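In what follows, a single structure is set out as structure tokens and then discussed.
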Number of protein chains: 2
Amino acid sequence: MTQPPPPARRTPLSRDRVLRAAVALADRTGIDALSMRKLAQELGVVPMALYKHVANKDQLLDGMVDFVLGEIGPPAPGPDWQSAVRARILAARSALLGHTWAATVVRSRTAPTPALLAYTDSLIGLFRTGGFSVDLTHHAMHALGSRLLGFTQELFDDSPGPAPADPAVLRAMAANYPHIAELAMAAAHDEKSVVGPGCDDQFEFEFALDLLLDGLERLRRRGWSSVG
Amino acid sequence: MTQPPPPARRTPLSRDRVLRAAVALADRTGIDALSMRKLAQELGVVPMALYKHVANKDQLLDGMVDFVLGEIGPPAPGPDWQSAVRARILAARSALLGHTWAATVVRSRTAPTPALLAYTDSLIGLFRTGGFSVDLTHHAMHALGSRLLGFTQELFDDSPGPAPADPAVLRAMAANYPHIAELAMAAAHDEKSVVGPGCDDQFEFEFALDLLLDGLERLRRRGWSSVG
DNA sequence: ACCTGAACACCGTTCAAGT
DNA sequence: ACCTGAACACCGTTCAAGT
């Protein structure tokens with residue numbers, strides 16, 4: 001006659017709760033350690049329960065991207081298109097930098113999510129109201145690419161390793177790659193660097209961004225057109 | 001007394017043979033279908049046999065990248081730094097485009113491989129002999145990033161799907177994302193596009209590349225310095 | 001000493017059996 | 001109708017047993 005105790009159900013699962021847990025888990029343990037099984041365990045739930053709220057893992061990752069993009073906030077009006085676009089891109093950058101895995105996951109997506117479409121649409125709007133033709137806006141969007149979200153793909157991770165390598169190895173490096181060695185030496189002694197010896201990612205990002213935005217402004221003023 | 005027939009050994013395994021088979025398999029079946037187990041099967045070998053020639057799968061992928069980079073060929077001298085750099089980057093691009101998986105795999109690598117270091121070194125050399133300071137060269141390399149290898153990360157894949165979607169969906173898209181719709185309409189009707197309606201990737205790549213190279217040349221002429 | 005089959009510790013997802 | 005445990009079809013890699 002005694003009924004079994006009701007299962008100690010936590011607040012019922014929802015898509016939102018699944019996504020929040022996934023973001024938190026990825027923040028804590030890294031994106032490689034995020035699996036459907038571990039996420040289910042985290043939520044005190046059997047793996048298959050997740051599939052009621054996300055169709056599959058790809059859709060989970062899409063949702064996580066949208067969650068982060070939601071932290072960007074609305075565009076702030078600027079005195080001109082260039083500072084408005086610049087501010088918006090840097091806002092996206094700081095949102096993505098808040099989650100170490102975010103840029104990696106965005107890179108792996110191919111289909112746009114609603115938040116990404118909305119963000120893209122707002123940026124196109126900034127160009128158009130700033131006096132860009134449809135044609136030039138189109139090429140500007142392609143030229144900026146992932147930089148619109150505040151990150152870039154570097155050739156390789158050039159942050160200096162924890163310990164300087166074996167001197168013999170270093171000497172061999174310098175002999176084989178003299179130009180790289182010259183750059184590395186200069187960067188290592190760079191006083192202005194914020195992060196100590198090595199490269200200041202934020203400076204490099206803004207340097208490249210301004211190079212592109214300045215170039216685009218020059219084309220706009222010139223009335224550039226790809227069909228001309 | 002009858003000896004067992006000698007095992008019908010194919011030419012013995014070597015690192016080079018493993019890498020060539022991996023490249024061929026990835027070319028044929030895509031990078032997602034490339035597993036250590038399938039590669040071993042392709043070579044008529046037990047999976048563990050591969051581990052004598054590559055330490056693990058990461059090192060296999062590194063080797064594959066180096067194989068593709070080896071197809072770039074040596075730098076050709078140009079009349080000026082800008083055309084020399086441009087030609088070298090476009091050569092890298094065409095090498096990578098020969099393997100659909102190459103850009104994806106390069107993106108996933110973090111440590112540089114010998115061929116990538118050699119390529120990077122040669123590009124730095126082109127800047128330096130072209131009159132760039134160490135400082136400006138450093139920032140130029142960061143600004144170009146993966147574009148040095150001839151590819152960029154787009155925000156999302158905007159190539160038009162095979163069939164135009166449900167008209168109701170299209171109308172909803174246009175209502176929610178008016179600026180994107182405007183661009184998409186213009187691109188779809190673009191006569192000059194090489195690939196039919198849609199975007200001409202090669203044009204977009206060169207547009208952005210020239211925007212950056214032109215900007216860098218302007219900085220070089222001005223004697224720009226980050227510590228100034 | 002060398003080689004390798006079986007095993008380990010995972011995956012994402014399907015599916016049928018249970019309530 | 002709903003839920004879920006077990007199973008399926010894979011992974012990369014370790015390791016001990018066999019030659």
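Throughout, a chain's letter reflects where its sequence line sits, starting with A, and its residues are numbered from 1. Bear in mind that the values here come from a model prediction, so they are computed numbers and not experimental data.
- The distance from atom CG of A:Leu39 to atom P of C:dC11 is 12 Å, rounded to the nearest whole Å.
- Taking atom CZ of residue A:Arg37 and atom P of nucleotide D:dA6, one finds them 12 Å apart after rounding to whole Å.
- Computed from coordinates, the A:Asp32 CG to C:dC11 P distance equals 11 Å when rounded to whole Å.
- Classification of the A:His139-B:Phe207 ring pair by plane angle, with boundaries at 30° and 60°, yields tilted.
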Start with the C-alpha gap between B:Glu154 and A:Arg107, add the side-chain angles, then the distance that decides, and say whether salt bridge (Lys or Arg N to Asp or Glu O under 4.0 Å) holds.
CA-CA 8 Å; B:Glu154 297 279 340; A:Arg107 261 196 286 272; over 6 Å; no
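- The residue B:Met36 sits close only to the backbone: its heavy atoms come under 4.0 Å of sugar-phosphate atoms, none of a base.
- Both distances falling under 3.5 Å, in either a Watson-Crick or a G-U wobble arrangement, occur for no nucleotide opposite D:dA9.
- Heavy-atom minimum distance, A:Val68 versus A:Ala95: CG1-O, 3.9 Å.
- Base pairing of C:dA16: its partner is D:dT4, meeting the Watson-Crick or G-U wobble criterion (both donor-acceptor distances under 3.5 Å).
- Cation-pi geometry between A:Arg93 and A:Phe205 is met: under 6.0 angstrom from the ring centre, within 45 degrees of the axis.
- Rounded to whole Å, atom P of D:dG12 lies 8 Å from atom CG of B:Leu34.
- The listed nucleotides are C:dT13, D:dC11, D:dT13; the one nearest the side chain of B:Lys38 is D:dC11.
- The nearest heavy atom of DNA chain D to A:Ala49 and to B:Lys57 marks one nucleotide each, and the one closer to the 5' end goes with A:Ala49.
- In this entry the distance linking CG of A:Leu60 with P of C:dG12 reads 10 Å, nearest Å.
- Protein atom NZ of B:Lys52 is 8 Å distant from nucleotide atom P of C:dC2, rounded to whole Å.
- Other residues, nucleotides and ligands contribute more than 12 heavy atoms inside 6.0 Å of the CD atom of A:Gln202.
- Going from the P atom of C:dG18 to that of D:dC8 covers 16 Å, rounded to whole Å.
- The side chain of A:Met48 has C:dT14 as its nearest neighbour among C:dT14, D:dA7, D:dC11.
- In this structure, the CG atom of A:Leu50 is 19 Å from the P atom of D:dC2, given to the nearest Å.
- Note: OH (B:Tyr51) to P (D:dC15) measures 13 Å, nearest angstrom.
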